[in-house]
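Here's the structure we're looking at; comments come further down.
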Amino acid sequence: MNSPNQPLPTFDEVLLCTPQTTAEQVGLFLRRCLIPGSRGEKIYTMLYADELSYDVSCRAEELFQHLQHYSSTYRLVILCNCKREHSYIPSVFSQYKVHMIPQRPLAEIQQYLQYHYRVAQPLSSAASVFKDNMCVGIVSSKKAGMGK
């Protein structure tokens, strides 16, 4: 996010983990990250890795330990909920833990995202539904089940 021209992460750089994420999905992701190849300057990110099941987490750790010997130049970020810091993945990688505080003001982060998510020609696009012709939006309600 050093300049507005830097692209957003691509689909192969991010793994959004849930309790249903399989060991195969994590394995494919770790292989893309850790095995040398044409990965360029990508930064791979596992989001909510603390949500992985215990079995998947154990297999992910084993695979990581095995694959990290192939490359010492990988870029892997594992983001976890601080309220679940005692789950398996955050515990295993705790020696690498860094508490993050955004280094940019919220307004600057929002401006960067708006630059990348704005549809230039919203003539017949769903983006016309969202504010400022954005192709993504967040719809929320304080009341559950209100037809979001």
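When side chains are defined from C-beta on, V26 counts as touching L52, because their heavy atoms get closer than 4.5 Å. F29 is not listed as a side-chain neighbour of L63, based on a closest heavy-atom distance of 4.5 Å or more. Side-chain contact between T10 and K42 is present, with heavy atoms from C-beta onward closer than 4.5 Å. Y44 has its side chain out of reach of Y74: every pair of non-hydrogen atoms, C-beta onward, lies at least 4.5 Å apart. For the pair I89/M46, no side-chain contact is recorded, criterion being any heavy-atom separation below 4.5 Å from C-beta on. Within the 4.5 Å cutoff, side-chain heavy atoms of K97 are placed close to those of E85. Within the 4.5 Å cutoff, the side chain of T18 has no heavy atoms near those of the Y48 side chain.
Hydrophobic clustering keeps V92 apart from L79 (ILVMFWY residues linked when any side-chain heavy atoms are closer than 4.5 Å, directly or through intermediates). Note on I43: it does not cluster hydrophobically with I78, by side-chain heavy-atom contacts below 4.5 Å among ILVMFWY residues. Linking Ile, Leu, Val, Met, Phe, Trp and Tyr whenever their side-chain heavy atoms come within less than 4.5 Å leaves V77 and I35 in two separate clusters. Cluster membership for L15 and L47, using ILVMFWY side-chain heavy atoms within less than 4.5 angstrom, is not shared.
With rounding to the nearest 0.5 angstrom, the CG atom of L34 is 11.5 Å from the CZ atom of R32. Distance check, rounded to the nearest 0.5 Å: NE2 of H86 to CG of D50 gives 12.0 Å. To the nearest 0.5 Å, atom CG of residue L30 and atom CD of residue E62 are 12.0 Å apart. Atom CZ of residue F64 and atom OG of residue S57 lie 14.0 Å apart, to the nearest 0.5 angstrom. To the nearest 0.5 angstrom, R104 atom CZ is 10.5 Å from Y112 atom OH.
Among all heavy-atom pairs drawn from C80 and A49, the shortest one is SG-CB, 4.1 Å. Considering every non-hydrogen atom in both S87 and S91, the closest pair reads O-OG, 2.9 Å.
By the 30° and 60° cut-offs, the orientation of the rings of F93 relative to Y96 is tilted.
The main-chain N or O of P105 is never found under 3.5 Å from a side-chain atom of E108 such that the two would form a donor-acceptor pair.
Counting non-hydrogen atoms of neighbouring residues, nucleotides and ligands closer than 6.0 angstrom, the CD atom of Q111 reaches no more than 12 such neighbours. More than 12 non-hydrogen atoms from other residues, nucleotides or ligands lie less than 6.0 angstrom from CD of Q65.
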Going through the distances and angles, do D55 and S53 end up as a side-chain hydrogen bond (donor to acceptor under 3.5 Å, both in side chains)?
CA-CA 6 Å; D55 291 337; S53 71; 5.6 Å; no
